[in-house]
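In what follows, a single structure is set out as structure tokens and then discussed.
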Amino acid sequence: MAEVKSAEESVLTDDFLRQLINVGEVDILVGVPTHNNAKTIGAIAETIQAGILTFFPRERAAIINVDGGSRDGTPELVASAAIDDARPNSKMYTLRTFHSISTQYASSPARGIALHTIMAAAELLRAKACAVISPESTQITTDWLATLLRPVYREEFDLVLPTYSRHRFDGILLTNLLYPMTRALYGLKIREPYALDYAFSGRLGSQFLTQNAWHEETAQAGSETQLTLAAIAGEYRICQSFLGTKEHAERHTADLVPAMRQTVGALFSSLETNFSLWNARTGSQPIPTTGDERKFSLEPLRINRKRLREMFSTGVAELESIFQSILSPATLVELQGIARTENVPFRYSAELWVKTVYEFAAAYHKSVISRDHIIQALAPLFRGRALTFLAENINGSADDVENNIESLCLEFERTKPYLLEIWKQ
Amino acid sequence: MPLKQEVPWYKLAVIYQAHVRTFYDSNGDGVGDFQGLDQKLDYLKELGIDTIWLMPFFPSPLRDDGYDISDYYSVHSSYGTLEDFRTFLKSAHARQIRVIIEMVLNHTSDQHPWFQQSRSSQDNPRRDWYVWSDTDTGYSQTRIIFLDTELSNWAWDPISKSYYWHRFFSHQPDLNYDNPAVREEMWNVMKFWLEIGVDAFRLDAVPYLVEREGTNCENLPETHGILKELRRKLDEQFPGKMLLAEANQWPVDLRPYFGDGDEFHMAFHFPLMPRMFMGVKLEDRKPITEILQQTPEIPPSCQWCLFLRNHDELTLEMLTTVERSYMNDTYARDMDMRLNLGIRRRLAPLLDNDRRRIELMHGILMSLPGTPNIYYGDEIGMGDNIKLGDRNGVRTPMQWSGGWNGGFSAAEPEKLYAPLIQDPVYGYPAVNVVSQKKTEHSLLNWIARIIAVRKTTSVFGAGSIEFLYPANHRILAYVRHLENETILVVNNLSNAAQAVELDLRRYKGNILIEMFGKNIFPRVGDLPYLLTLGPYQFYWFRLRRI
């Protein structure tokens, strides 16, 4: 028997539900999760509005802002993108009313709740295609709306993930762990499995919505990754669309662990529920990709390699007891050996990195210690791998960088039997 | 006639547009006539019609269905005699039904003796009754209206070896209104019919009377001057008579046709009509409210004439390119349905024969500010024949019964001026007056009912309007008000049931009485008034403080 939720349990407040009634059925929905994004969100909402009106002028469309307790007027800025007859001063011409509504779910942001709310709204409004746009995507252009939504709306894809042109050293977590491991395990060459700008079909959204995973901590943290994996598991049609250049974002070292919780944690967690899926797959297949060819940019970038090496070495030394619970003795010895070297060039090889990651995944599966601690413990090791990646590619061309990533992917695929072996131990 | 005088009669009227030729053939020659029309006046009276607008019935070569007049002082022999017209008019007036006749001021047929004389020689006294030129380059900023058939507004006349000006078909030369003799003669024509007793004129194609170099030759001040002069004479010599303008223009360009209440009494609201169809298709009130927001106030004695369909194509001229493209793609997928910048289809086929949508559209037509005009046959949901040329597909014989020729004529079917609609859905065996009269809930009886309900109040014809803007854009809601009477109208433009919250606080304490069933609804309080409406449903509520 299906669970019946009371209004108190629903992610939809009565006020938001009232707004949804007014919006009514839509063809296209654009969800914008926010939290104190007043500096950027006005321009982003305007671009979304212009993109919809340019590429989908006849469709019933709406923007839904799900806000995590902003205090800077963010929801009001999104709402100002609405066009209706009660305020006939819009600069944009529209055939029909364009709704832009907002709801607040908490006083602090939680991406899982935001996505849950967007999906619930999309299902209630019977949206055929739904895009989610990050409030940090300041490089958004109107073309994004067509690029993300058309494959769903016109070509019956269920999930459209982005690809970007990135700086070769942007997104190292993505290129050295998320992409190659997802690819090796699930057999699809998805470049951005953890996307913040993407689109999905109504049927995928509805199916994902019914998964009773929203209350789990991991799902709250990595719901976008979960969505990608649900699409793979359900054999939905997935494609990638090129969105342009992803600007290099300055990250603080303190950002790494939360980011890993959201992404690596979600990926590790997914292995539990999808064992039968990844267990059976070997190799990897490309997926349909549209748009210009993605390529790495090579501008010089200042990176404090000394600091990375220190953080790696300190981490290996200080977390030895934790590593003893997670890693095999051979792997730990090798890591300690690297950490101790001082006068030779630092090198954390692809083989060792893949083995390390798989051992962490197995440890996560077995919950040898707190899962959150496992993710935190991986952070210093990732810094070591990042340092090697930087060193190996510092003088490389875009093709060299791509080839190195491809080699790493193949290593993940080749070593997959090892993961299966330790998974079952 | 002892009709109500407090509010001008044309404000409270319900107009029925008919063509003598299409309505009823009394003598079995295959063409409708005035005696036939006379015989059907009781039908119109029963329907609730109090005004008939007749399309041109004058002698004509009929190359534009009578809009090419060759004699303004007589009746086309196919339709009867002038005496038949007088008899019909008397019968109509006896039933409190007024008659509007068509007056084509802008142009004549090229077969009209005036034009024949004008073209005969450069020295003919009537030479200057038309607009002649040695070249075809004048007035180059003027658009061509009949894009599908005409390449230029100038046509070469091989007889007088010069070009003449025509805004419509090339066989319809424009009269030269700079000539005082033309102006005087056209007033004489109008006076002739007014003296016979007609109640009003629908003046055809009025924006185009005067041409001036360097302009688009539409809506010129000189044209307004001529129309004002006609109105002045009308008021002086025939008080109580009415002028209705056909000016397919944007609201801001239409407004001058009312002048200060000294030009036209009424004008068709052309831009509103396609937007009503857009609103229902889009399930969004925005096109309707926006065009009405752009519609200027008109003098108190003036009135808009509203319509869903008429004898022409559903004109898309007063739409943006995007809107026009949307309308064509949604209402006229078959290219045969398109003509010029419009769609040549009747109401019922346009609305997929969906009774709920047909009712909703009539509900809006009857409740927005203005006088409604019903095109003959739409009250029974007649279909069209897009395979007939020009606009003839919406001008087929009226379907009176399921019998011989649909009850229209006793003639052999091949003698009919046009074939009857015969397809299984809209053909006369399925759609006709007799069978609908026998069915209590037929469209015909429903139309009679809504007209009767409209006529229980003067608010719809003469009251003010205030739009409510509920957040649910599928709901078109407005309050009509006149003196101490207030009516709330709520229309659901959607194919699905809708909930709507209306801000009616200013009417707090009133109870709502639904005007069709006369049932009471809850009293208005401080909270938003919640209503639910079924697909395409509409409500008319009388607000009463009891």
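The structure presented is a predicted model; accordingly, all values stated were derived computationally and were not measured. Lettering of chains follows the sequences in order, A, B, ..., and the numbering in each one begins at 1.
Contacts of A/Glu25 with chain B are made by both backbone and side-chain atoms, with heavy-atom separations under 4.5 Å. With a 4.5 Å cut-off on non-hydrogen atoms, B/Thr320 touches chain A through its side chain but not through its backbone. Of the atoms belonging to B/Asn472, heavy atoms from both backbone and side chain fall under 4.5 Å from chain A.
Of the inter-residue distances, the one linking B/Asp312 atom CG with B/Phe270 atom CZ reads 7.5 Å to the nearest 0.5 angstrom.
Relative orientation of the B/Trp540 and B/Phe460 rings is tilted, given thresholds of 30° and 60° on the angle between their planes.
Residues B/Gln498 and B/Asn492 share a closest heavy-atom pair of CG-OD1, 3.3 Å.
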Intermediate values then yes/no, ring pair (Phe, Tyr, Trp, His ring centres under 6.0 Å), B/Tyr529 and B/Phe521:
CA-CA 11 Å; B/Tyr529 199 88; B/Phe521 274 56; 7.7 Å; no
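Residue with the most contacts toward chain A among B/Ile475, B/Thr330, B/Val500, B/Thr289: B/Thr289 (heavy-atom pairs, distance under 4.5 Å). Chain B forms the most heavy-atom pairs under 4.5 Å with one residue out of A/Arg60, A/Arg18, A/Gln19, and that residue is A/Arg18.
For the pair B/Arg275 and B/Glu323, the salt-bridge criterion is met [side-chain N within less than 4.0 Å of a carboxylate O].
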